[in-house]
Amino acid sequence: MTERTFSILKPDATRRNITGKINAVIEGAGLRIVGQRRIRLTEAQAKTFYEVHKERPFYGELVSQMTAEPVVVQVLEGDNAVAKYREVMGATNPEQAAEGTIRKLFALSIGENSVHGSDSLDNAKLEIAQFFTDADIPG
Ligand code: CMP
């Protein structure tokens, strides 16, 4: 089934000028980048986006890292896009990520792990709606 998922290329990726390399892996896996914008997340946006993690010990550092430098927000489309992108990203902790995955190839640490991807179709819809309107995604 054709789906859309939400992706963020994180500050460690924009800082190292590797967004094109990451996009090549995404496109090589058959996912189409149908929406893309480079932005600086506000603290309010980052806090809302990561609200599910607000009780976790890494929440403060996560919000400050995600707001310190630009990110690229994306909408990816393809067959089973949510699960496919999670496979392409690899495990959250790059030490556990499979060969060939974005995090194995590029991530620096569990915090600076280069990419975010939605964990379910419901969350994908909510996350996309935080950053994109239908008009941003031409058919
Ligand atoms: P992401 O998919 O963006 O969702 C939450 C982020 O928190 C996660 O990727 C990691 O980059 C970050 N994070 C930092 N420390 C941890 C941790 N110990 N466990 C899980 N996620 C962490």
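The structure displayed is predicted, hence computed values, not measured ones. Note that ligands are numbered from 1 as they come in the structure, with each ligand's atoms numbered from 1 the same way.
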Mind checking whether Y50 and F58 have ring centres under 6.0 Å apart?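 So the answer is no for these two rings.
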* Partners meeting side-chain contact (heavy atoms from CB on, under 4.5 Å) with D119 (sequence neighbours left out) ->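 Per chain and number, D119 pairs via side-chain contact (heavy atoms from CB on, under 4.5 Å) with R86, N123.
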Residues passing the side-chain contact (heavy atoms from CB on, under 4.5 Å) test with K21, sequence neighbours excluded, are I18, F106
Pairs under 3.5 Å, nitrogen or oxygen of ligand 1 with protein nitrogen or oxygen:
residue  : atom   : partner : partner atom : Å
ligand 1 : 2 (O)  : H116    : ND1          : 3.2
ligand 1 : 3 (O)  : K10     : NZ           : 2.8
ligand 1 : 3 (O)  : Y50     : OH           : 2.6
ligand 1 : 3 (O)  : H116    : ND1          : 3.2
ligand 1 : 9 (O)  : K10     : NZ           : 3.1
ligand 1 : 9 (O)  : N113    : ND2          : 3.4
ligand 1 : 11 (O) : K10     : NZ           : 3.0
ligand 1 : 11 (O) : I110    : O            : 2.8
ligand 1 : 11 (O) : G111    : O            : 3.3
ligand 1 : 11 (O) : N113    : OD1          : 3.1
ligand 1 : 11 (O) : N113    : ND2          : 3.2

Can you check whether F6's main-chain N or O pairs, donor with acceptor, with S118's side chain at less than 3.5 Å?
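Yes; at least one donor-acceptor contact below 3.5 Å.
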Run the side-chain donor-acceptor check on residues 131-139: report pairs under 3.5 Å with partners two or more places apart or on a different chain.
residue : atom : partner : partner atom : Å
T133    : OG1  : A135    : N            : 3.4
T133    : OG1  : D136    : OD2          : 3.4
D136    : OD2  : T133    : N            : 2.8

Any side-chain heavy-atom pair of V25 and V88 under 4.5 Å =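 When only atoms from C-beta onward are counted, V88 and V25 do touch, with a gap below 4.5 Å.
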